[in-house]
> 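Before we start, here is the structure in question, set down as structure tokens.
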Amino acid sequence: MPNTVVVGTQWGDEGKGKVVDLLTANAQLVVRFQGGANAGHTLVVGGKQFICHLIPSGILHSGKKCAIGNGVVVDPEVLLKEMDALGKAGIGIDPDRLTLSEKAHVIMPYHKAIDQAREALKGKDMIGTTGRGIGPCYEDKVGRMGIRAVDLTEPAIFRRKVEVNLKEKNHYLVNYLGAKPFDLETIVAEYLRMAERLKPYIDDLSNDFERIRRDKGNILFEGAQGTHLDVDHGTYPYVTSSNPVSGTACSGAGVGPHELHHILGIVKAYTTRVGAGPFVTELNDATGEYIQQKGREFGATTGRKRRCGWLDLVAVGDAARLNGLDSLAITKLDVLTGLDTLRICVGYELDGQVINRRPASLDKFGRCLPVYRNLPGWKEDISGARDLGKLPVQTRTYLDAIEEVTGVPLSIVSVGAGREETIVLKDPFGC
Ligand code: GDP
Ligand code: IMO
Ligand code: MG
């Protein structure tokens, strides 16, 4: 029963969803452990596309259990919409397929309003959040005034908590942010209506863990966002409000560190970023445009154009240390096909000195210049390759360089969005 944790090594959108969907074949339980509906994990199976914001990306495999951990902040409206969309696509969701941790915090309408109004107030200094209320919800959790899924099952307690919170939130919204206040009765009615549908799913996740341990099954922990969006380790303050690093699988799901056996880092073959913040290898030229178009780099949650640049291996190296990566999955390698020369960033030049870690100071990071190694490109279509031997020699050179610079072995290479468009070198579950 080797359990695997999937994490993003860059600034999100590395293709975590595709890899989680693929690996679910050998897992019995898939658990999301942080983030919320700011995530957009795209799965392409049988030519059909599905986007998961909250439901784990293992949901397309019938018979596999999915769970939303206590570390996730859950917008009930998004969750119900996602369940309905899957239902329409013939994927029936019931409590045998999905559990929502009773300890997960709930996104309230005022969280979204505060998120959006704050961003508007910041103007050009905005973080570029997804506007999904993520930061304000985690603030309430840490401030010990949050609403949890279990509160949805206790209407009187739920009402009292919302009433107390609204006094503070409405004051802040109206008098500081210049936004509209919320009405208690409207929120209570709307949330208790959604609670009726969600109640059967709200449970103690340790029941699922107990069953899997007893059956000696495999657990797949699904991270959202990426290491450099981590509130502690990322490019603060241009980060999200949770910890996407692997260690969070313990606190965000409710298991001990000895239950995490393989940490798999997902690395997009180039770098993208949505939202603001410094980006050392960003390409504001025709090559960046080529990657953006060919990689269809539009946000799965907000539809925003993703900023694109060369592969930053300083960032991936940091991620290897911060997550304790056992292996890497390289995704979207096919997108680089057709470029004459490829560049990988192997160091940062800061004030005339070459460094190989991202400085914590945002000012210093903003002054870092990329130190590149040039590699030859390839022209052949690689999307049909199912083993390394079928890849052009230049493609293998590119992969070898990633392994060499990061010191982490590759286990998966993805050459297309489809589940089958993958080269598996070593199954993290050892199956
Ligand atoms: P996530 O948030 O990490 O799950 O990543 P997203 O789903 O937001 O973004 C990755 C995008 O790339 C999705 O549209 C995927 O369908 C797509 N994708 C994943 N792997 C590959 C690949 O190897 N090649 C191509 N061309 N697309 C891929
Ligand atoms: P997945 O799981 C890429 C970014 C936002 C913004 C910053 C803060 O699909 O990889 P937030 O709404 O979280 O307060 O926004 O974080 N961001 C993501 N970028 N992929 C994501 O998720 C992201 N989730 C948040 O764009 O810059
Ligand atoms: Mg995404």
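These values consider heavy atoms only, across backbone and side chains, with no hydrogens, waters or symmetry-generated copies. Indexing begins at 1, ligand by ligand and atom by atom, following the structure's order. We're numbering straight along the sequence, starting at 1.
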> If we ignore hydrogens and angles and just use 3.5 Å, is the side chain of Tyr398 paired with the main-chain N or O of Ala269 as donor and acceptor?
yes
> Could you tell me the residue and atom name of the protein heavy atom closest to atom 24 (N) of ligand 1, and the distance to it rounded to 0.1 Å?
Asp334 OD1, 2.8 Å
> Holding to side chain to side chain contact (heavy atoms under 4.5 Å, CB included), I want the full list of residues that pass it with Arg321, two or more places apart in sequence or in another chain.
Asp318, Arg357
> side-chain contact (heavy atoms from CB on, under 4.5 Å) for Leu86 and Leu60? Distances and angles first, verdict last.
CA-CA 9 Å; Leu86 285 163; Leu60 300 188; 4.0 Å; yes
> Using a strict 4.0 Å cut-off to heavy atoms of Ser414, name the atoms of ligand 1 that fall inside it.
20 (N), 21 (C), 22 (C), 23 (O)
> Is there a donor-acceptor pair under 3.5 Å between the side chain of Glu222 and the backbone N or O of Lys16?
no
> Is the shortest distance from a heavy atom of Gly40 to ligand 1 less than 4.0 Å?
yes
> Give me the nearest non-hydrogen protein atom to atom 13 (C) of ligand 1 as residue plus atom name, then the distance to 0.1 Å.
Thr42 CB, 3.5 Å
> For the 3.5 Å polar cut-off, considering only N or O atoms, please tell me whether Gly17 and ligand 1 meet it.
yes
> Ring of Phe279, cation from Arg307 - is the NZ or CZ under 6.0 Å from the centre and inside 45° of the axis?
no
> Are Tyr348 and Arg358 close enough, and set up right, to give a side-chain contact (heavy atoms from CB on, under 4.5 Å), and what steps lead you there?
CA-CA 8 Å; Tyr348 293 159; Arg358 177 171 54 73; 4.0 Å; yes
> If the contact criterion is a heavy-atom separation under 4.0 Å, does Glu222 count as touching ligand 1?
no
> So, is Thr331 polar-close to ligand 1, with some N/O to N/O distance under 3.5 Å?
no
> Is Thr406 reaching over with its side chain to a backbone N or O of Ile402, donor-acceptor style, under 3.5 angstrom?
yes
> Mind checking how many protein N/O/S atoms fall short of 2.8 Å from the Mg ion (ligand 3)?
2
> Which residue and atom name correspond to the protein heavy atom nearest atom 27 (N) of ligand 1, and how close is it?
Lys332 CE, 3.5 Å
> Given a heavy-atom cut-off of 4.0 Å, could you list the residues near ligand 2 in chain and number order?
Trp11, Gly12, Asp13, Lys16, Asn38, Ala39, Gly40, His41, Ile127, Gly128, Thr129, Thr130, Ala224, Gln225, Leu229, Val239, Thr240, Val274, Gly275, Arg304
> Between Ile51 and ligand 1, which part of the residue brings a heavy atom under 4.0 Å of the ligand: side chain, backbone, both or neither?
neither
> Tell me, do Lys268 and Asp13 make a side-chain contact under 4.5 Å, heavy atoms counted?
yes
> Would you mind reporting whether Thr130 and Thr240 have side-chain heavy atoms less than 4.5 Å apart?
no
> May I ask you to list the atoms of ligand 1 that are less than 4.0 angstrom from any heavy atom of His41?
1 (P), 2 (O), 4 (O), 7 (O)
> Applying salt bridge (Lys or Arg N to Asp or Glu O under 4.0 Å) to Arg197 and Asp84, what does each step give before you reach the verdict?
CA-CA 11 Å; Arg197 280 191 65 194; Asp84 289 342; 2.8 Å; yes
> Can you tell me which residue and heavy atom of the protein come closest to atom 10 (C) of ligand 1, and the distance to 0.1 Å?
Asp13 O, 3.9 Å
> Side-chain contact, heavy-atom cut-off 4.5 Å: Pro76 with Tyr191?
yes
> When you measure from atom 9 (O) of ligand 1 to each heavy atom in Arg306, His53, Glu421, Glu297, which option holds the nearest one?
Arg306
> Checking Gln34 side chain against Ser242 main chain: does a donor-acceptor pair fall under 3.5 Å?
no
> Quick one: does Asn170's side chain have a donor or acceptor within less than 3.5 Å of a partner on Phe182's backbone?
yes
> Can you list the ligand 1 atoms lying under 4.0 Å from a non-hydrogen atom of Gly416?
20 (N), 21 (C), 22 (C), 23 (O), 24 (N), 25 (C)
> Please answer whether the main-chain N or O of Ala319 pairs with a side-chain N or O of Asn323 as donor and acceptor at a distance below 3.5 Å.
yes
> Classify the ring geometry between Phe365 and Trp11 as parallel (under 30°), tilted (30 to 60°) or perpendicular (over 60°).
parallel
> Ligand 1 and Lys18, any nitrogen or oxygen pair closer than 3.5 angstrom?
no
> Give a yes/no verdict on whether any heavy atom in Gly12 is under 4.0 Å from an atom of ligand 1.
no
> Quick one: side chains of residues 329-338, donor-acceptor pairs under 3.5 Å with protein atoms, not counting sequence neighbours, listed by atom name and distance.
unit_1	atom_1	unit_2	atom_2	d
Thr331	OG1	Glu14	O	2.5
Lys332	NZ	Gly295	O	2.9
Lys332	NZ	Glu297	OE2	2.9
Thr337	OG1	Asp334	O	3.0
Thr337	OG1	Trp378	NE1	2.9

> Checking the N or O distance criterion of under 3.5 Å, is ligand 1 in contact with Val44?
no
> Without swapping roles, check the side chain of Asn3 against the backbone of Ile219 for a donor-acceptor pair under 3.5 Å.
yes
